[in-house]
Amino acid sequence: MRTPLLDWYAEHARDLPWRRADCSPWGVLVSEVMLQQTPVARVEPVWREWLARWPEPADLAAETPGEAVRAWGRLGYPRRALRLHACALTLTQEHDGIVPADLGALLALPGVGTYTAAAVGAFAFGIRSAVVDTNVRRVQARAVTGEALPAQSLTAVEMRLAERLLPTDPDIAARWNIAVMELGALVCTARSPDCERCPIRDACAWVAAGSPPYAGPPRRGQAWAGTDRQCRGRVVGALREAPGSLAVEELRALWPDAEQFARSLQGLLDDGLVERIGSGHIQLPGG
DNA sequence: TACCCGTGGAG
DNA sequence: TCTCCAAGGGT
């Protein structure tokens with residue numbers, strides 16, 4: 001099957017390690033979790049380290065959760081590292097140490113939601129499933145709906161549209177999914193779409209409408225300075241760099257507001273990202 | 001549903 | 001500088 005989009009992908013697709021034919025389903029799963037809200041350029045080196053160190057789920061399952069958090073480095077949202085470690089345990093204990101080729105079983109894994117289950121199903125196993133990420137949503141919003149940007153959160157209408165657009169043949173569908181994502185990542189970008197190089201511009205509803213600017217409700221950015229997240233990040237960052245544990249007072253010195261520090265530390269403890277050890281010391285889980 | 005959860009690069 | 005945003009998930 002040939003379409004302008006699939007032809008474009010064949011010519012312009014990036015050569016990413018988790019897209020290669022010799023990449024295991026585990027490698028695909030790790031990549032998808034790392035890529036949640038984190039750009040490809042920062043994921044790639046960490047992904048290579050993880051797959052070299054933990055080539056199979058059982059290898060990661062044999063480590064402490066804290067080691068996963070440490071190896072996560074600065075990818076952000078370190079709870080994902082924890083969930084990937086939990087994933088490895090579940091796979092080892094309940095799936096014979098392999099990634100299941102089943103959307104329902106994938107969805108039941110820690111840290112695997114609708115998107116990641118569909119992506120692993122499609123890219124690792126060739127299952128026909130609509131893979132709808134922020135790129136796909138944006139391409140659909142423009143090409144089909146004629147709007148500059150999609151809604152703030154994924155709607156049922158968008159999912160149905162993606163399923164309707166998906167080619168019938170599973171192998172072509174998998175290639176279609178990744179082609180739409182790649183188009184959104186390389187050409188139909190959020191800030192400055194390069195419509196001159198777009199393979200489907202002649203069919204684009206947004207271009208046909210004169211590329212009107214975003215007209216929806218104001219998109220609220222995420223505050224950062226002075227938030228609990230910044231505080232948490234500082235604490236986990238310090239523990240990641242430390243060989244062992246740190247005294248609570250050392251961590252306390254990282255943040256000016258005592259009340260916010262206490263709340264953030266408690267949040268980290270509740271999340272299992274850190275743990276208490278001895279009297280007044282904190283470490284990554286399991287050491 | 002809306003909000004919380006990190007980090008760093010681009011414009 | 002500062003805002004935006006990047007292959008989302010969990011609650």
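Protein chains get the first letters and strands the later ones, always in sequence-line order, with residue 1 at the start of each.
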**Prompt:** When rounded to the nearest Å, what value does the distance between C1' atoms of C:dG8 and B:dT1 take?
**Reply:** 16 Å

**Asked** Rounded to whole angstroms, how far apart are CZ on A:Arg80 and C1' on B:dG6?
**Response** 8 Å

**Message:** Is it the case that the base of B:dT7 and the side chain of A:Arg229 share a donor-acceptor contact (distance under 3.5 Å, atom types as modelled)?
**Reply:** no

**Request:** Remember a base hit wins even if backbone is also touched, and classify A:Trp72 as base, sugar-phosphate or nothing at under 4.0 Å, heavy atoms.
**Result:** nothing

**Message:** By the 4.0 Å heavy-atom rule, please label A:Arg232 as base, sugar-phosphate, or nothing.
**Reply:** sugar-phosphate

**Item:** Member of A:Met34, A:Gln36, A:Glu32 meeting the side-chain contact (heavy atoms from CB on, under 4.5 Å) criterion with A:Val43
**Value:** A:Met34

**Item:** Heavy-atom check, side chain of A:Arg80 versus side chain of A:Tyr77, under 4.5 Å
**Value:** yes

**Message:** I want to confirm an ordering. Mapping A:Pro39 and A:Gly113 to their closest nucleotides on DNA chain C, which one lands closer to the 5' end?
**Reply:** A:Pro39

**Asked** Counting only heavy atoms not in A:Glu259, do more than 12 sit closer than 6.0 Å to its CD atom?
**Response** no

**Message:** What is the first contacted nucleotide of DNA chain C and what is the last, in 5' to 3' order, if contact means an atom lying under 4.0 angstrom from a heavy atom of chain A?
**Reply:** C:dT3 to C:dG10

**Prompt:** Between B:dG8 atom P and A:Gln37 atom CD, what is the distance in whole Å?
**Reply:** 16 Å

**Message:** What is the distance, to the nearest angstrom, from the CG atom on A:Leu273 to the C1' atom on B:dC4?
**Reply:** 13 Å

**Asked** Hey, are the side chains of A:Gln260 and A:Gln230 touching, using non-hydrogen atoms and a 4.5 Å cut-off?
**Response** no

**Request:** Answer with base, sugar-phosphate or nothing: what part of the nucleic acid does A:Arg19 contact at a heavy-atom distance below 4.0 Å?
**Result:** base

**Prompt:** Could you give the CD-to-P distance, from A:Gln152 to B:dA2, as a whole number of Å?
**Reply:** 9 Å

**Request:** Considering only atom P, compute the distance from C:dT11 to B:dG6 and round it to an integer number of Å.
**Result:** 14 Å

**Prompt:** A:Gln230 near the nucleic acid: base, sugar-phosphate alone, or nothing, with a heavy-atom cut-off under 4.0 Å?
**Reply:** nothing

**Prompt:** Mapping A:Leu154 and A:Ser192 onto DNA chain B by nearest heavy atom, which one lands closer to the 5' end?
**Reply:** A:Leu154

**Message:** Minimum heavy-atom separation for A:Ile277 and A:Ser245, please, with both atom names.
**Reply:** CG2-CB, 3.9 Å

**Asked** Can you tell if the side chain of A:Arg48 reaches within under 4.5 Å of the side chain of A:Trp18, non-hydrogen atoms only?
**Response** no

**Asked** Can you list the steps and then say if A:Arg128 with A:Asp171 is a salt bridge (Lys or Arg N to Asp or Glu O under 4.0 Å)?
**Response** CA-CA 7 Å; A:Arg128 182 178 180 279; A:Asp171 290 330; over 6 Å; no

**Prompt:** With a 4.0 Å cut-off on heavy atoms, is A:Thr114 in touch with a base, just the backbone sugar-phosphate, or nothing at all?
**Reply:** sugar-phosphate

**Message:** Rounded to whole Å, how long is the line connecting atom CD of A:Gln260 with atom P of B:dC4?
**Reply:** 12 Å

**Message:** Under 4.0 Å, heavy atoms only, any strand: does A:Arg14 hit a base, just the sugar-phosphate, or nothing?
**Reply:** base

**Message:** Does A:Thr134 reach a base, just sugar-phosphate, or nothing at all? Heavy atoms under 4.0 Å.
**Reply:** sugar-phosphate

**Message:** Base, sugar-phosphate or nothing for A:Asp228? Non-hydrogen atoms, less than 4.0 Å.
**Reply:** sugar-phosphate

**Prompt:** Given that A:Arg191 and A:Val236 both sit by DNA chain B, which one's nearest nucleotide is further toward the 5' end?
**Reply:** A:Val236

**Message:** Measure OH/A:Tyr77 against P/B:dC3 and give the value in whole Å, please.
**Reply:** 14 Å

**Prompt:** Please give, in whole Å, the distance from B:dT7 P to A:Arg79 CZ?
**Reply:** 12 Å

**Complete:** Walking DNA chain C from its 5' end, the first of A:Thr189 and A:Gln36 to be reached, judged by nearest nucleotide, is A:Thr189

**Item:** Separation of B:dA2 C1' from A:Arg219 CZ (nearest whole Å)
**Value:** 15 Å

**Message:** Considering every strand and a 4.0 Å limit on heavy-atom distances, what is the contact class for A:Ala190: base, sugar-phosphate, or nothing?
**Reply:** sugar-phosphate

**Prompt:** Contact class for A:Leu107 vs. all strands (heavy atom < 4.0 Å): base, sugar-phosphate, or nothing?
**Reply:** nothing

**Prompt:** Hey, do the aromatic rings of A:Trp50 and A:Trp72 have their centres closer than 6.0 Å?
**Reply:** yes

**Pairwise P distance for C:dA7 and B:dC4, with rounding to whole Å** = 23 Å

**Asked** Taking side chain as C-beta onward, heavy atoms only, is A:Leu60 less than 4.5 Å from A:Arg53?
**Response** no

